[in-house]
Asks: 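To start, I am sharing the structure in question, which I have written as structure tokens.
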Amino acid sequence: MPELPEVETVLRGLQPHLEGQVIARAEARRPDLRWPLPPDLVQVLTGARVVALRRRSKYILAELQDRGSLLLHLGMSGRMLIEDQAQGGFHRDPAILPRHDHVVFWTDRGTRITFNDARRFGMVDLVAPGASHPLLAHLGPEPLSDGFTPEVLIAAFAGRRSPVKTALLDQRIVAGLGNIYVSEALHRAGIDPRRAAGRIGAARIAALTGHIRDVLTEAIAAGGSSLRDHRQATGELGYFQHAFRVYDREGAPCPRPGCPGAIRRIVQSARSSYFCPQCQK
DNA sequence: AACAGTACCTGAACGC
DNA sequence: TGCGTTCAGGTACTGT
């Protein structure tokens, strides 16, 4: 399930199969995603050479030689499946229903890549050569880039009355965080998710930037090391064992050494937040 | 301009 | 077993 680290893991898993390869065949099996597939998707993909794959926020971009880019978002339930000859007896997890295979394509090496998304919140679109895409236009800094500095986050929080939880989910402030890693980063930083973003001291915001970097870096490392070739036996990419300190741990003891608190769940903007009332202020 | 609420969709887990 | 309810890792849109 895709926040930045999961998308990065999916990206790294796809790279060896796609970069430098030509898409020999493509199918759009179900065009009615939340945003309909572009009508010329199959035409543009067929015969296209994938020059490079990269990530921006939770989006994956496949740069196509002379044909612009393919833009992909996994939404809440999107998955990428890989099948190839080297894999031998491919066995798909029976919970991943073929009726949710929306886009399928084959490289000229015979590898099949499938975008499967039960809830259809994911998105596949094309970006014309030299064009930009509106969905990428207003994204904030990449949290693992040099552009994500304490000064940037301090400025972005200034004057904001909304809870810091909500502010960190705003992709214009910082790109790629989702519900899990916001809770995790705020716990590490000792900041109450209900606190107004504009009322956090500069030093604490500066520390928060470091914790955001750390938790994302650790999650990417966990994804990369726990899954050989980033792929499970079922061919599914991007799933790995998480080690959350607070997310989905309501009632559990606070993992901070010496803290007597218990993890609490609250709802903010209709989404769960997990935190320790003892050590997050 | 910032913010809250709603909408989009399916499936898994839970309570009765 | 079946049925209803609630919840799920995202983001765009609308209205105040």
Side-chain angles (χ1 to χ4, degrees), chain A residues 1-11 29-37 55-60 71-80 93-102 115-125 133-140 143 155-187 193-199 212 215-216 218-220 222-223 236-251 265-274:
Chain A
M1 316 249 197
E3 296 185 33
L4 186 153
E6 291 75 25
V7 176
E8 180 68 27
T9 300
V10 169
L11 173 80
R29 298 195 173 175
R30 174 146 189 181
D32 59 332
L33 304 190
R34 181 176 179 195
W35 292 279
L37 294 176
R55 180 187 59 73
R56 173 72 170 112
S57 187
K58 302 168 194 172
Y59 295 89
I60 290 174
L71 182 66
L72 172 71
H73 195 291
L74 298 174
M76 294 278 264
S77 54
R79 302 154 137 111
M80 298 300 287
D93 182 338
I96 304 176
L97 303 179
R99 71 168 176 271
H100 300 309
D101 291 354
H102 305 314
F115 170 66
N116 176 288
D117 181 15
R119 290 178 72 180
R120 286 190 274 143
F121 290 173
M123 187 223 51
V124 176
D125 203 0
H133 197 284
L135 289 174
L136 306 180
H138 303 291
L139 292 173
F157 278 3
R160 289 224 161 214
R161 278 184 263 180
S162 60
V164 61
K165 160 76 187 295
T166 310
L168 289 175
L169 283 176
D170 186 337
Q171 303 295 299
R172 294 168 299 187
I173 290 182
V174 54
L177 288 179
N179 208 37
I180 292 176
Y181 294 104
V182 166
S183 276
E184 294 295 315
L186 287 173
H187 177 261
R194 297 167 294 189
R195 177 170 291 276
R199 300 193 59 187
I212 289 170
V215 71
L216 295 176
E218 289 171 28
I220 291 170
E236 180 183 12
L237 283 177
Y239 280 68
F240 52 87
Q241 203 60 34
H242 299 279
F244 304 137
R245 297 186 188 176
V246 294
Y247 181 80
D248 202 22
R249 295 180 53 81
E250 183 177 22
R265 171 185 180 269
I266 60 173
V267 175
Q268 296 178 282
S269 320
R271 309 195 70 191
S272 294
S273 299
Y274 298 89

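So that the names make sense, note that chain A is the first sequence line, chain B the second, and so on, each numbered from 1.
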Asks: Rounded to whole Å, please give me the gap between CG in D248(A) and C1' in dA13(B).
Replies: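 To the nearest whole Å, that distance equals 12 Å.
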Asks: Think R34(A) has a side-chain N or O under 4.0 angstrom from the OP1 or OP2 of dA7(B)?
Replies: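 For dA7(B), OP1/OP2 do not have a side-chain N/O of R34(A) under 4.0 Å.
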Asks: Output the rounded distance in Å from CG (L169(A)) to P (dG10(C)).
Replies: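 Distance, rounded to whole Å: 7 Å.
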Asks: Which is true for L135(A) with a 4.0 Å heavy-atom rule: it touches a base, it touches only sugar-phosphate, or it touches nothing?
Replies: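 Sugar-phosphate contact only - L135(A) comes under 4.0 Å of backbone atoms but never of a base.
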Asks: Just to be sure I understand the rule, does L97(A) reach a base, reach only the sugar-phosphate, or reach nothing, if contact means heavy atoms closer than 4.0 Å?
Replies: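 The answer is sugar-phosphate, as L97(A) gets under 4.0 Å only of primed atoms, P, OP1 or OP2.
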Asks: Taking E250(A) for the side chain and Y274(A) for the main chain, is one N or O donor matched with an acceptor at less than 3.5 Å?
Replies: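 Pair absent, no side-chain N/O of E250(A) close to backbone of Y274(A).
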Asks: Rounded to whole angstroms, how far apart are CZ on R160(A) and C1' on dC3(B)?
Replies: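 My rounded result for the distance is 9 Å.
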Asks: Please give, in whole Å, the distance from dT11(C) P to H133(A) NE2?
Replies: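 So the two atoms are 14 Å apart, to the nearest Å.
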Asks: Please determine if a side-chain N or O atom of S77(A) lies less than 4.0 Å away from the OP1 or OP2 oxygen of dA8(C).
Replies: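 No, because none of the side-chain N or O atoms of S77(A) sits under 4.0 Å from OP1 or OP2 of dA8(C).
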Asks: Go through dG11(B), dG9(C), dA12(B) for me and flag the one nearest to the A95(A) side chain.
Replies: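 The listed nucleotide nearest to A95(A)'s side chain is dA12(B).
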Asks: Okay, side chain of Q268(A), backbone of P163(A): is any donor-acceptor separation there less than 3.5 Å?
Replies: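 Such a contact is absent between Q268(A) side chain and P163(A) backbone.
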Asks: Closest-nucleotide mapping onto DNA chain B: is S269(A) or F121(A) further toward the 5' terminus? I mean the 5' end.
Replies: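 First, find each residue's nearest nucleotide; the 5'-ward one identifies S269(A).
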Asks: Would the distance check show the side chain of Q171(A) and the main-chain N or O of L169(A) forming a donor-acceptor pair, the cut-off being under 3.5 Å?
Replies: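 Checking the backbone N and O of L169(A) against the side chain of Q171(A), a donor-acceptor pair under 3.5 Å is found.
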Asks: Using a cut-off of less than 4.0 Å, is there contact between a side-chain N or O of Q171(A) and OP1 or OP2 of dT11(C)?
Replies: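 Answer yes for this pair, as a side-chain N or O of Q171(A) is under 4.0 Å from OP1 or OP2.
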Asks: Of the nucleotides dG11(B), dA12(C), dG9(C), which one has an atom closest to the side chain of W35(A)?
Replies: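 Nearest nucleotide to the side chain: dA12(C).
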Asks: Atom NE2 of H100(A) and atom C1' of dG11(B): how far apart are they, to the nearest Å?
Replies: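 Checked: the NE2 to C1' distance equals 8 Å.
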Asks: If you measure from the P atom in dG5(B) to the same atom in dC7(C), how many Å do you get, rounded?
Replies: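 About 16 Å, rounded to a whole number of Å.
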Asks: Okay, side chain of K165(A), backbone of S272(A): is any donor-acceptor separation there less than 3.5 Å?
Replies: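 It does hold such a pair.
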Asks: So, does E184(A) use its side chain to make a donor-acceptor pair with the main chain of V246(A) at under 3.5 Å?
Replies: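 At least one qualifying donor-acceptor pair exists.
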Asks: What's the gap between dT6(C) and dT6(B) when it is taken at their P atoms, as a whole Å value?
Replies: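 Going atom to atom, P in each nucleotide, I get 15 Å.
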Asks: Whether K58(A) contacts dG10(C) is assessed here as follows: a side-chain N or O lying under 4.0 Å from the phosphate OP1 or OP2. Is that the case?
Replies: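 Indeed, a polar side-chain atom of K58(A) lies that close.
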Asks: Can you check side-chain contact (heavy atoms from CB on, under 4.5 Å) on V7(A) and I60(A), steps first, answer last?
Replies: CA-CA 7 Å; V7(A) 176; I60(A) 290 174; 3.6 Å; yes
Asks: To the nearest Å, how far apart are K165(A) NZ and dA4(B) P?
Replies: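 Distance, rounded to whole Å: 12 Å.
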Asks: Using atom P in both nucleotides, what's the gap between dG9(C) and dC14(B) to the nearest angstrom?
Replies: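 Straight-line distance between the two P atoms is 16 Å.
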Asks: Identify whether any heavy atom of R99(A) sits under 4.0 Å from a base atom; if not, whether one sits that close to sugar-phosphate; answer base, sugar-phosphate or nothing.
Replies: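 Sugar-phosphate contact only.
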Asks: Quantified in whole Å, what is the C1' atom distance between nucleotide dG11(B) and nucleotide dA12(C)?
Replies: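 Here dG11(B) and dA12(C) have their C1' atoms 23 Å from each other.
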Asks: Rounded to whole Å, how long is the line connecting atom CD of E3(A) with atom C1' of dG9(C)?
Replies: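 Going from E3(A) (CD) to dG9(C) (C1'), I get 5 Å.
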Asks: Does Y247(A) put a side-chain nitrogen or oxygen below 4.0 Å from OP1 or OP2 of dG9(C)?
Replies: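 Checking dG9(C) against Y247(A), a side-chain N or O does come within under 4.0 Å of OP1 or OP2.
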Asks: In Watson-Crick or G-U wobble terms, both distances under 3.5 Å, what is the partner of dA7(B)?
Replies: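 Across all strands, the one nucleotide that pairs with dA7(B) is dT11(C).
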Asks: Could you check A270(A) against G159(A) and say which one's nearest nucleotide on DNA chain B is further toward the 5' end?
Replies: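 Result of the comparison: G159(A).
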Asks: Using whole Å, report how far CD1 of I173(A) lies from P of dC3(B).
Replies: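 For the pair I173(A) CD1 and dC3(B) P, the rounded distance is 8 Å.
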Asks: Given dT11(C), dT10(B), dA8(C), identify the nucleotide with an atom nearest to the side chain of M76(A).
Replies: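 From the listed options, dA8(C) comes nearest.
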Asks: Looking only at the side chain of R119(A) (C-beta and beyond, no hydrogens), which of the listed nucleotides dC7(C), dC3(B), dC9(B) gets closest?
Replies: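 Output: dC9(B).
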Asks: Does dT11(C) have OP1 or OP2 sitting under 4.0 Å from an N or O in the side chain of H138(A)?
Replies: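 The answer is no; no side-chain N or O of H138(A) sits under 4.0 Å from OP1 or OP2.
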Asks: Which listed nucleotide (dC9(B), dC7(C), dG9(C)) is nearest to the side chain of R265(A)?
Replies: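 The nucleotide sitting nearest to the side chain is dC7(C).
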Asks: Please state whether the phosphate of dA8(C), meaning OP1 or OP2, lies under 4.0 angstrom from any side-chain nitrogen or oxygen of R271(A).
Replies: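 No.
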Asks: Report yes if at least one side-chain N or O of H73(A) is closer than 4.0 Å to OP1 or OP2 of dT11(C); otherwise report no.
Replies: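 Checking H73(A) against dT11(C): at least one side-chain N or O falls below 4.0 Å of OP1 or OP2.
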Asks: With rounding to the nearest 0.5 Å, note down the distance linking CG in N116(A) to NE2 in H102(A).
Replies: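 With rounding to 0.5 Å, CG (N116(A)) is 6.0 Å from NE2 (H102(A)).
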Asks: Is S162(A) close enough to dC3(B) that one of its side-chain N or O atoms is under 4.0 Å from OP1 or OP2 there?
Replies: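 So the side chain of S162(A) is within the cut-off, an N or O lying under 4.0 Å from OP1 or OP2 of dC3(B).
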